Amino acid sequence: MEKFNKGELSEKEYEKVLLEEIHYIQGDFEEKLSLEILEQEEKLFIVFLKVRDIALKKKIDKTTLKNMILSEINRTMIDKHLL
């Protein structure tokens, strides 16, 4: 920006520099976001394995387990967004 303010860069050159910086930042953000998504998917998979193991040990049927999970999701969403 300093070079542009001093008149060392034309508007088109400055625009090109800004677009390159935006592209770099966007790429970095997308990479970090992808890594975060993978990490969260791994954590979720581990939780699902634990839930499955508990359901098998307690002999909880599929419908009951589904209803329990949906109830917990609903409760969490209500707590987070309404209360």
Side-chain angles (χ1 to χ4, degrees):
M1 185 166 186
E2 191 174 316
K3 286 185 177 184
F4 177 71
N5 288 338
K6 290 181 180 179
E8 295 174 13
L9 287 176
S10 69
E11 284 185 34
K12 285 200 181 258
E13 290 171 326
Y14 183 61
E15 182 180 345
K16 183 179 177 184
V17 169
L18 287 177
L19 289 174
E20 287 173 357
E21 287 182 22
I22 290 170
H23 182 70
Y24 174 77
I25 291 170
Q26 184 179 15
D28 189 45
F29 175 75
E30 288 173 356
E31 182 180 342
K32 287 179 182 178
L33 185 59
S34 292
L35 291 174
E36 179 67 22
I37 289 170
L38 287 174
E39 183 179 316
Q40 294 303 320
E41 284 177 344
E42 289 174 4
K43 288 179 183 178
L44 187 59
F45 183 71
I46 291 168
V47 169
F48 280 137
L49 289 177
K50 288 179 182 178
V51 168
R52 186 192 69 178
D53 289 345
I54 292 169
L56 290 172
K57 287 178 185 175
K58 300 288 184 178
K59 297 181 182 177
I60 300 172
D61 65 275
K62 188 176 180 177
T63 302
T64 303
L65 181 59
K66 178 182 172 184
N67 289 337
M68 291 170 64
I69 292 170
L70 291 175
S71 294
E72 183 62 23
I73 291 170
N74 287 334
R75 186 192 64 77
T76 302
M77 294 301 278
I78 287 170
D79 287 350
K80 187 174 181 179
H81 296 290
L82 297 178
L83 302 177

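Position 1 is the first residue of the sequence; numbering continues from there. Since we're looking at a predicted model, the values are computed, not measured.
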Would you mind reporting whether Glu15 and Leu19 have side-chain heavy atoms less than 4.5 Å apart?
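Contact flag for Leu19/Glu15 side chains = yes.
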When you compare the side chain of Glu41 with that of Leu38, does any pair of heavy atoms fall below 4.5 Å?
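Yes, side chains in contact.
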Roughly how far, to the nearest 0.5 Å, is the [atom2] atom of [Y] from the [atom1] atom of [X]?
X	Y	atom1	atom2	result
Thr64	Lys59	OG1	NZ	14.5 Å
Arg52	Phe45	CZ	CZ	7.5 Å
Arg75	Lys80	CZ	NZ	12.5 Å
Glu11	Glu13	CD	CD	11.0 Å

Please give me the minimum heavy-atom distance between Leu65 and Ile60, naming the atom from each residue.
N-CG2, 3.7 Å
Check each of Thr76, Ile69, Leu70 against Glu72 using the side chain to side chain contact (heavy atoms under 4.5 Å, CB included) test, and report the only one that passes.
Thr76
Under 4.0 Å between a Lys/Arg side-chain N and an Asp/Glu carboxylate O for Asp28 and Lys32?
yes
Given the rule that I, L, V, M, F, W and Y join up when any side-chain heavy atoms are under 4.5 Å apart, are Ile73 and Leu44 in one cluster?
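No, Ile73 and Leu44 fall in different hydrophobic clusters.
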